[in-house]
Amino acid sequence: MVVLSAGLLAACSVPKPDTQANRDATAREIAEQVKTTPDGTSTADSLDGYKEDLARRISQVNSTRVHVERPQALLRSVIVIKYVVDKDGNLTRSEVVRGNKDKVTEATALAALRNTAPFPKPPAMLLRGGRVEISETWLFNNDGRFQLRTIAQPQKNE
């Protein structure tokens, strides 16, 4: 994990030109860190680890909508969604539990979640009644791109 983190920091320290292609490539690099067994089960050993796997998968599938730099200081919108994944990785329920009446960003967050399913299967130790419940925060910049708080960089100060 330390080697992986050091590699990510080293890759991030060399500034790339700010182009959509570079942002998309960076989003894909981050997202491809999801590890699964041959049957598609996440190798995460905790709920936080599984949540990271899901955040990376959501970012991977929606890479053109993901903001890969630090989120701006004053965000356009912060959306919290609670969702349920069954033992097979299917999305069974999702709902906005916190929003700011920005229907566009709420719809974008819910669509990103739906478009990503199915997810890596949750490890058996995380299942309660054959499912796992996750809450995730979507951080939207003014341009409509988002990051997921679980894997987001620290927010800018100004």
Side-chain angles (χ1 to χ4, degrees), residues 4 8 12 20-156:
L4 179 61
L8 284 174
C12 294
Q20 186 62 45
N22 286 338
R23 288 191 297 266
D24 293 347
T26 301
R28 281 190 295 278
E29 288 170 15
I30 292 167
E32 289 171 355
Q33 298 168 24
V34 176
K35 305 284 189 269
T36 61
T37 63
D39 75 345
T41 301
S42 168
T43 59
D45 59 2
S46 67
L47 184 59
D48 286 342
Y50 183 60
K51 188 175 174 179
E52 284 181 30
D53 283 352
L54 298 183
R56 292 185 197 294
R57 176 77 177 137
I58 293 165
S59 294
Q60 178 184 35
V61 171
N62 300 280
S63 64
T64 60
R65 303 297 314 260
V66 172
H67 181 80
V68 295
E69 296 91 20
R70 292 175 62 187
Q72 65 193 41
L74 296 174
L75 295 166
R76 168 183 172 177
S77 185
V78 176
I79 308 294
V80 178
I81 296 180
K82 181 169 60 172
Y83 62 102
V84 177
V85 176
D86 72 12
K87 65 180 177 55
D88 297 317
N90 298 308
L91 178 67
T92 61
R93 186 170 49 93
S94 60
E95 66 178 305
V96 175
V97 294
R98 178 181 176 232
N100 63 342
K101 299 183 182 171
D102 183 338
K103 296 301 180 191
V104 172
T105 56
E106 288 179 7
T108 298
L110 288 168
L113 190 61
R114 284 190 304 272
N115 292 339
T116 304
F119 298 101
K121 297 175 187 176
M125 66 182 190
L126 299 179
L127 295 172
R128 301 290 178 260
R131 62 192 191 109
V132 62
E133 188 173 292
I134 305 286
S135 288
E136 182 61 81
T137 304
W138 270 252
L139 308 172
F140 282 89
N141 275 359
N142 288 339
D143 64 5
R145 292 182 295 143
F146 66 86
Q147 285 190 28
L148 299 172
R149 177 163 285 164
T150 298
I151 59 172
Q153 295 182 36
Q155 200 170 345
K156 292 180 180 177

**Item:** side-chain hydrogen bond (donor to acceptor under 3.5 Å, both in side chains) involving Thr116 - partner list, sequence neighbours excluded
**Value:** Asn62
**Request:** Would you mind reporting whether Glu52 and Arg56 have side-chain heavy atoms less than 4.5 Å apart?
**Result:** yes
**Prompt:** Who passes side-chain hydrogen bond (donor to acceptor under 3.5 Å, both in side chains) against Asp88, sequence neighbours left out?
**Reply:** none
**Item:** CZ (Arg70) with more than 12 external heavy atoms under 6.0 Å
**Value:** yes
**Asked** Ser42 and Pro123: which non-hydrogen atoms are nearest, and at how many Å?
**Response** O-CG, 3.6 Å
**Message:** Using 30° and 60° as the class boundaries, would you call the ring planes of Phe146 and Phe140 parallel, tilted or perpendicular?
**Reply:** tilted
**By side-chain hydrogen bond (donor to acceptor under 3.5 Å, both in side chains) - contacts of Gln72 (at least two apart)** = Asn142
N/O donor to acceptor pairs below 3.5 angstrom from side-chain atoms of residues 124-132, sequence neighbours left out:
| unit_1 | atom_1 | unit_2 | atom_2 | d |
| --- | --- | --- | --- | --- |
| Arg128 | NH1 | Met125 | O | 3.3 |

**Message:** Do Phe119 and Asp53 have side chains that approach each other closer than 4.5 Å (heavy atoms only, starting at C-beta)?
**Reply:** no
**Message:** So, using salt bridge (Lys or Arg N to Asp or Glu O under 4.0 Å) as the criterion, who are the partners of Arg93 when residues are at least two apart?
**Reply:** Glu95, Glu133
**Message:** Donor-acceptor check, side chain of Gln147 to backbone of His67, threshold 3.5 angstrom: yes or no?
**Reply:** yes
**Request:** Before giving the answer on side-chain contact (heavy atoms from CB on, under 4.5 Å), spell out for Ile134 and Leu47 the whole-Å C-alpha distance, their side-chain angles and the decisive distance to 0.1 Å.
**Result:** CA-CA 9 Å; Ile134 305 286; Leu47 184 59; 3.7 Å; yes
**Fill in**
Here the pair of heavy atoms bringing Pro120 nearest to Tyr50 is O-OH, 2.6 Å
Compile the donor-acceptor pairs under 3.5 Å between side chains in residues 75-82 and protein atoms, sequence neighbours left out, one pair per line.
| unit_1 | atom_1 | unit_2 | atom_2 | d |
| --- | --- | --- | --- | --- |
| Arg76 | NE | Asp102 | OD2 | 2.9 |
| Arg76 | NH2 | Asp102 | OD2 | 3.4 |
| Ser77 | OG | Asn100 | OD1 | 2.8 |
| Ser77 | OG | Thr105 | OG1 | 2.9 |

**Message:** Tell me if a side-chain donor or acceptor on Tyr83 pairs with a main-chain N or O of Leu110 at a distance below 3.5 Å.
**Reply:** no
**Message:** If the condition is salt bridge (Lys or Arg N to Asp or Glu O under 4.0 Å), which residues does Asp143 pass it with, not counting sequence neighbours?
**Reply:** Arg145
**Asked** Hey, does the side chain of Asn141 reach the backbone of Gly144 with a donor-acceptor pair shorter than 3.5 angstrom?
**Response** no
**Item:** Smallest separation among heavy atoms of Ser59 and Ile151, with atom names
**Value:** OG-CD1, 3.5 Å
**Item:** Set of residues satisfying salt bridge (Lys or Arg N to Asp or Glu O under 4.0 Å) with respect to Glu136, sequence neighbours excluded
**Value:** none
**Prompt:** Does the side chain of Asp48 come within less than 4.5 Å of Thr150's, by heavy atoms?
**Reply:** no
**Request:** Mind checking salt bridge (Lys or Arg N to Asp or Glu O under 4.0 Å) for Lys101 and listing every partner two or more places apart, or none if nothing turns up?
**Result:** none
**Item:** side chain to side chain contact (heavy atoms under 4.5 Å, CB included) involving Ala111 - partner list, sequence neighbours excluded
**Value:** Arg114, Asn115
**Request:** Would you give the length of the straight line joining atom CG of Leu139 to atom CG of Leu148, rounded to the nearest 0.5 angstrom?
**Result:** 7.5 Å
**Asked** Ignoring hydrogens and geometry, is there a side-chain-to-backbone donor-acceptor pair from Gln153 to Val68 under 3.5 Å?
**Response** yes
